[in-house]
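Inspection log for the structure reproduced underneath, given as structure tokens.
Numbers here simply count residues along the sequence, with the first being 1. Counting convention: from 1, in listed order, for ligands and their atoms alike.
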Amino acid sequence: MAIDVLVVGSGYGGSVVAARLAPHARVVLVERGRWWRPGDFPETVSDLCRAYRSARNPRGLWSVQLGRGTGVGLASAVGGSSPINYGITSRPDDHAFATWPVSAAELAPWFERARAVLRPEPDPLADELGDRRFLDLVEPGRRVDLENTIDWRRCTRCGRCVPGCNVGAKRALDETYLELALRAGAELRAETEVRALVRRGDDGYAVEVRPTGGGAPEWLHARTVVLAAGTLGTLDLLRHAEVPVGPRFGQDISLNGDALAFLHDVPYPLSGHSGAPISTSVRIPFVGDDGHTRTLMVMSGRVPRTAMRFAAAALGVLGALRRFPTAGDAWRRRLHDLRTVDEGGALSRTFMYKLDGEDSARGVARFTARGAVVDWPDYADDPILHFADQRLRAWAEAVGGTVVPNVARLPGMRSFSVHPLGGCRMGATFEDGVVDDVGRVFAPSGGVHPGLRIADGSIVPTSLGVPPSWTIAALAERIADDLVRERAKEETR
Ligand SMILES: Cc1cc2nc3c(=O)[nH]c(=O)nc-3n(C[C@H](O)[C@H](O)[C@H](O)COP(=O)(O)OP(=O)(O)OC[C@H]3O[C@@H](n4cnc5c(N)ncnc54)[C@H](O)[C@@H]3O)c2cc1C
Ligand code: SF4
């Protein structure tokens, strides 16, 4: 039987499209990653190394694509990046949509529709962590508490959301949209990689798939193909497809202002030692030289004990270099801090901050033998990251402690993002976008390529300044709705 809709990738874009189309059509969802269930996720550093995805380990869970000046972290799994993310479900400020071909008001109902399925909840114990009080102290009136796709009643606060919940408390896509898709009859082909896409005149597309890591190739035929392979995955597929696309292809890539910061040894009981998912933040407005308001989001986070020990060593050395203690007692305390994460040590007064912000989306895709990478040599100098530096230094000046405002600036480190967006941006025409506002791919002739859509992070035209999963799901809801209506029209013809 012919496939009506073939969806490539099972992340926030692909799962939504599969769930909404499956009641109306024969849907096949192709995902190169494997199922990862509670109990399968890496626990130790050696597990983490074993789970790295590479040519020798094609079924691995995570990987990094290094470009000039950037590294991008990716997941490859049923559910896309959802099994290994923090589940933060956050909506961008309205100004983030100012230059989009679809307005914040038009998108609002699709955000609500996605929220009803994702079911994020606020952390009932967040007040006990001390994060909120500290953020209120340094940024009064700017706190925005978060909601996560986590079942808090089951969460043990082990802090291991990245790289995956072995407790079964994380509500990843396999418990939400994917479950809906499968219940409605979508066929999931996991551990299957899409290799090529060829247009067959007016008769849809031929799609070459093969088992992840090798095996016999197979050609599938689908009337409609939805690319949802994640920002870099979709760029790779479209680059090799025999489909001419607009001049903005591979341009305007945002890293969403992603950065990591630490505030070490401040005179406030901030973190305690237990890990906990990121559950609170501040949103700080920043007006750039161009007069546009952008958002910097500083999210208060924790890391598990093992990682905390690593941080203890690094931050302890950094703190010691900055403020040489003279008395023997101070040295003894410093050494104690290097060895332990006990209550009372500097690390119980140390915070990790995950930054997201509206960057200027100047990343460019480069295609290598290992797949697409993002080049943006001066990303760390983007105005939003300079603003973040100043702001965090001001916090440290006000309260004391040692600040590392951007880990990427430390010797030997580089900028790193888990939120790459864009490269196939939505636009109004072939010249200024790769797709239109419902994910249809512009053709040079002036129309669109029939039967081909994109529904993932790659279509997001600007930086969002907040974690992107909810926005991607909302966009995919809107695209899926348009596809359902398109099919209904075709059937009545
Ligand atoms: C560690 C980490 C933490 C994060 N934390 C958060 C958070 O708390 N909140 C938030 O909102 N966002 C978070 N993000 C970002 C968020 O998860 C991503 O923005 C989102 O998952 C992107 O959705 P997507 O549908 O575009 O692609 P993805 O979720 O990346 O899904 C794409 C899927 O396509 C598959 N694929 C790729 N190529 C092929 C191919 N050729 N054939 C078949 N399958 C293919 C991939 O294996 C992958 O599973 C985090 C990301 C990471 C990595
Ligand atoms: S902190 Fe909670 S949701 Fe995160 S991995 Fe631990 S148990 Fe799971």
Side-chain angles (χ1 to χ4, degrees), residues 7-17 29-34 38 41 53 59-64 72-91 118 120 123 146 148-152 154-173 189-197 207-210 212 227-237 240 256 258 274-279 299 301-302 304 354 356 371-372 417-421 454-460 464 466-473 475-476:
V7 183
V8 189
S10 61
Y12 287 87
S15 294
V16 173
V17 172
L29 178 55
V30 183
E31 167 57 56
R32 74 179 171 198
R34 52 164 269 217
F41 292 103
R53 182 176 172 274
R59 292 164 73 246
L61 175 63
W62 68 285
S63 59
V64 174
V72 168
L74 300 171
S76 185
V78 171
S81 303
S82 71
I84 69 159
N85 73 18
Y86 285 105
I88 300 164
T89 308
S90 196
R91 192 183 152 160
L118 295 170
D123 178 359
L146 302 171
N148 309 59
T149 48
I150 286 176
D151 179 349
W152 293 102
R154 292 160 80 185
C155 173
T156 59
R157 288 158 202 279
C158 66
R160 293 198 167 115
C161 304
V162 177
C165 182
N166 276 328
V167 174
K170 185 108 65 79
R171 208 176 283 131
L173 288 166
R189 296 186 64 167
E191 297 180 47
T192 305
E193 190 170 17
V194 171
R195 311 269 299 170
L197 179 71
V207 180
E208 186 194 352
V209 299
R210 71 162 200 196
T212 299
L227 299 179
T231 295
L232 298 190
T234 289
L235 281 165
D236 270 332
L237 284 171
H240 294 113
N256 213 28
D258 216 332
S274 65
I278 294 174
S279 60
M299 290 170 276
R302 282 130 206 286
K354 165 83 170 63
D356 276 4
S417 175
V418 290
H419 298 169
L421 298 168
I454 307 180
D456 61 14
S458 70
I459 68 171
V460 174
L464 297 173
V466 303
S469 61
W470 191 10
T471 307
I472 296 169
L475 287 170

N or O pair under 3.5 Å between [X] and ligand 1:
| X | result |
| --- | --- |
| S76 | yes |
| V194 | yes |
| V8 | no |
| Y86 | yes |
| G233 | no |
| R32 | yes |
| V162 | no |
| E193 | no |

Selection from [options] by shortest heavy-atom distance to [atom]:
| atom | options | result |
| --- | --- | --- |
| atom 53 (C) of ligand 1 | V466, L421, V418 | V418 |
| atom 19 (O) of ligand 1 | P468, G79, P83 | P468 |
| atom 32 (C) of ligand 1 | P467, S417, G9, A229 | A229 |

Please list, in number order, the atoms of ligand 1 under 4.0 Å from a heavy atom of [X].
| X | answer |
| --- | --- |
| A228 | 32 (C), 34 (O) |
| A77 | 47 (O), 49 (O) |
| I84 | 1 (C), 2 (C), 3 (C) |
| G13 | 25 (O) |
| V30 | 43 (C), 44 (N) |
| G230 | 26 (O), 27 (O), 32 (C) |
| G80 | 29 (O), 31 (O), 48 (C), 49 (O) |
| G457 | 26 (O) |

Mind checking whether [X] contacts ligand 1 via backbone (N, CA, C, O), side chain (CB onward), both or neither, at a 4.0 Å heavy-atom cut-off?
| X | result |
| --- | --- |
| A75 | backbone |
| P163 | neither |
| N85 | both |
| R195 | neither |
| S458 | neither |

* To do: Please name the pair of heavy atoms, one in D236 and one in H240, separated by the smallest distance, quoted to 0.1 Å.
  => O-ND1, 3.1 Å
* Structure fact -> Taken to the nearest 0.5 Å, the spacing of I472 CD1 from L464 CG works out to 7.5 Å
* **Gap separating the CD1 atom of I278 from the NZ atom of K354, nearest 0.5 angstrom** => 6.5 Å
* Asked: Of all the non-hydrogen atoms in the protein, which one sits nearest to atom 48 (C) of ligand 1, and at what distance?
  -> E31 OE1, 3.6 Å
* **Protein residue, atom and distance nearest to atom 22 (C) of ligand 1, heavy-atom basis** => I472 CD1, 3.6 Å
* Asked: Does T192 have a heavy atom less than 4.0 Å from any atom of ligand 1?
  -> yes
* **Trace of the side-chain contact (heavy atoms from CB on, under 4.5 Å) decision for M299 with D356** => CA-CA 8 Å; M299 290 170 276; D356 276 4; 3.6 Å; yes
* Structure fact -> Per-atom filter on ligand 2: closer than 4.0 angstrom to a heavy atom of C165 are 3 (S), 5 (S), 7 (S), 8 (Fe)
* Look at the N, O or S atoms of C161, main chain and side chain alike, and state whether any lies under 2.8 Å from atom 2 (Fe) of ligand 2. => no
* **Derivation of the side-chain contact (heavy atoms from CB on, under 4.5 Å) call for N85 and Y12** => CA-CA 12 Å; N85 73 18; Y12 287 87; 3.1 Å; yes
* Structure fact -> The residue among L227, L29, V30 that forms side chain to side chain contact (heavy atoms under 4.5 Å, CB included) with V7 is L29
* List the steps, then state whether side-chain contact (heavy atoms from CB on, under 4.5 Å) holds for L173 with S10. => CA-CA 8 Å; L173 288 166; S10 61; over 6 Å; no
* Structure fact -> Note: V167, heavy atoms under 4.0 Å from ligand 2, region reported as side chain
* Check each heavy atom of R154 against ligand 2 and say whether those closer than 4.0 Å belong to the side chain, the backbone, both or neither. => neither
* **Distance-only donor-acceptor check, side chains T212 and R59, under 3.5 Å** => no
